[in-house]
2 protein chains.
Amino acid sequence: MGRRKSFNESEVLNKMSMVFIQYGFEGTSLDLLVNATGLLRGSLYAAFGSKLGMFIAALKENINHRKDSFGTTYLVIIAMMELVSTNVEVKQIVLNWYHTKPQADIELTLGRALLNKSGLLGGIDDGKQS
Amino acid sequence: MGRRKSFNESEVLNKMSMVFIQYGFEGTSLDLLVNATGLLRGSLYAAFGSKLGMFIAALKENINHRKDSFGTTYLVIIAMMELVSTNVEVKQIVLNWYHTKPQADIELTLGRALLNKSGLLGGIDDGKQS
DNA sequence: TTTATTATTGACTATTAAGTCAAAAAACAT
DNA sequence: ATGTTTTTTGACTTAATAGTCAATAATAAA
């Protein structure tokens, strides 16, 4: 009972994922997330608690529902660069992801994704998912 | 002529590099750099112009004088994650670095460094260089 | 010693950030 | 309808940030 959520959580998480992928965790501001989702700050905080909560929800959504997408790998890399060393919850999530991957080529996969994401060799990074 | 610099630029760049490696570019505040170097904000800005100028100087110092160190690879990865897609100068520096590397195993090297740096598998990330 | 030049100092400004909350709105139960 | 619960709203607070600058200090040339 009570008022219903005005948004579809999965859709909102996908929109937030795109922002996190483009700007990283620290580089993403709440204003960017507000603009991308169309929701207001209060709604985002009511739903996810904190900016970190938003990232974790987006990361889980991707790992669970878009397992082998580039977006998932990018989010994992962002987590590794910015959060794994200081946040045990994120570390555990990434560690679980890591163990579901074929160990033979995981390092190569990460390196390739990093290079891809940076846009170092290709053209301009338009921030869109593939 | 005029007053001499009170610091050795190379030493200062090494200290700044350690901070950037530990916290990333966005995650590094001027206060952290001030504490790590022992210099004051004004001196850092007089010497390097901007926070980005500090990072670029640290990146160049590492690429030129510590070519094959883990620190250099970490700084390159930070640059790839946070700056390459939006800053042509950084992109060019990283691209040059990239072309000096053996192409056969560069992706694997990047993936391994990323994993290493994250501390996902090993113990706790104490932020020290190796 | 005087003058020109460059570096240091650190308080200050302006901007941006994450997070809060009281009030209003929407939905359901009785 | 009335009351209860949950969500939305968006202005507000608090804290942190990058960057500035006038005053001072140190150096060397004239």
Side-chain angles (χ1 to χ4, degrees), chain A residues 1-13 15-59 61 75 78-79 81-83 86-87 89-90 127, chain B residues 1-59 61 75 78-79 81-83 86-87 89-90:
Chain A
M1 68 166 81
R3 185 168 177 171
R4 290 175 188 150
K5 285 219 170 79
S6 69
F7 58 90
N8 175 285
E9 189 164 301
S10 174
E11 281 173 20
V12 164
L13 287 173
K15 287 172 180 167
M16 294 203 300
S17 297
M18 291 193 266
V19 179
F20 282 124
I21 287 167
Q22 180 167 10
Y23 296 99
F25 177 70
E26 294 246 28
T28 293
S29 69
L30 256 294
D31 282 351
L32 283 171
L33 293 171
V34 164
N35 289 341
T37 60
L39 301 179
L40 292 175
R41 310 166 79 72
S43 293
L44 289 175
Y45 276 97
F48 304 106
S50 65
K51 186 182 157 187
L52 180 61
M54 297 172 209
F55 181 85
I56 290 176
L59 180 62
E61 172 78 11
L75 283 172
I78 289 165
M81 288 295 291
E82 302 188 48
L83 295 167
T86 57
N87 185 281
E89 184 179 0
V90 173
Chain B
M1 68 166 79
R3 186 169 178 171
R4 290 177 187 150
K5 285 221 170 78
S6 69
F7 58 90
N8 176 285
E9 189 166 300
S10 175
E11 283 173 19
V12 165
L13 287 174
N14 283 334
K15 288 172 180 167
M16 294 204 298
S17 297
M18 290 192 268
V19 179
F20 282 125
I21 287 167
Q22 181 167 7
Y23 297 99
F25 176 71
E26 294 245 29
T28 292
S29 69
L30 257 294
D31 281 350
L32 282 171
L33 294 171
V34 164
N35 289 340
T37 59
L39 301 179
L40 293 175
R41 310 166 79 72
S43 293
L44 290 174
Y45 276 97
F48 303 105
S50 65
K51 186 182 156 187
L52 180 60
M54 297 172 209
F55 181 86
I56 290 176
L59 180 63
E61 172 78 11
L75 284 172
I78 289 164
M81 288 295 291
E82 303 188 47
L83 296 167
T86 56
N87 184 282
E89 184 179 2
V90 174

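These numbers come from a predicted model, not from an experiment. All chains are named by letter (A, B, ...) in the order of the sequence lines, taking the proteins before the strands, and each is independently numbered beginning at 1. Heavy atoms only: backbone and side chains are in, while hydrogens, waters and symmetry mates are out.
Between dA17(C), dT17(D), dA18(D), one nucleotide has an atom nearer to the side chain of S29(A) than all others, and that is dA17(C). Comparing dG19(C), dA18(D), dG10(C) by their closest approach to the side chain of L40(B) singles out dG10(C).
One interatomic measurement links the two molecules: CZ of R41(B) to P of dA11(C), which rounds to 12 Å at whole-angstrom precision. Between Y45(B) atom OH and dT8(C) atom P the separation is 16 Å, expressed in whole Å. Look at CD on E9(A): it is 11 Å from P on dT8(D), rounded to the nearest Å. For L44(A) and dA17(C), the CG to C1' distance is 15 Å, given to the nearest whole Å. Nucleotide dA17(C) holds its P atom 11 Å from the CG atom of N35(A), rounded to whole Å. We find that CG of L30(B) is positioned 12 Å from C1' of dA16(D), with the value rounded to whole Å. For the pair L39(B) CG and dA7(C) P, the computed distance is 13 Å after rounding to whole Å. For K5(B) and dA7(C), the NZ to P distance is 5 Å, given to the nearest whole Å.
As judged by a 4.0 angstrom heavy-atom cut-off over every strand, F7(B) is placed among residues touching the sugar-phosphate backbone only.
Proximity of a side-chain donor or acceptor of E26(B) to a complementary backbone N or O of E26(A) within less than 3.5 Å is not detected. Between the side chain of K15(B) and the backbone N or O of N35(B), no donor-acceptor pair lies under 3.5 Å.
Residue S6(A) places no side-chain N or O under 4.0 Å from the OP1 or OP2 atom of dT7(D).
Across the interface with DNA chain C, nearest-nucleotide mapping of G42(B) and K51(A) shows G42(B) to be the residue nearer the 5′ end.
Counting heavy atoms from C-beta outward, Y45(B) and L30(B) have side chains that approach closer than 4.5 Å.
Taking the six-membered ring where tryptophan is involved, the planes of F7(A) and F48(A) are tilted, since the angle between them lies from 30° to 60°.
For dT6(D), its base never sits under 3.5 Å from the side chain of R3(A) at any donor and acceptor pair.
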(request) Report the C-alpha distance between M16(B) and L44(B) in whole Å, list the side-chain angles of each, state the deciding distance to 0.1 Å, and finish with yes or no for side-chain contact (heavy atoms from CB on, under 4.5 Å). (result) CA-CA 10 Å; M16(B) 294 204 298; L44(B) 290 174; 4.1 Å; yes
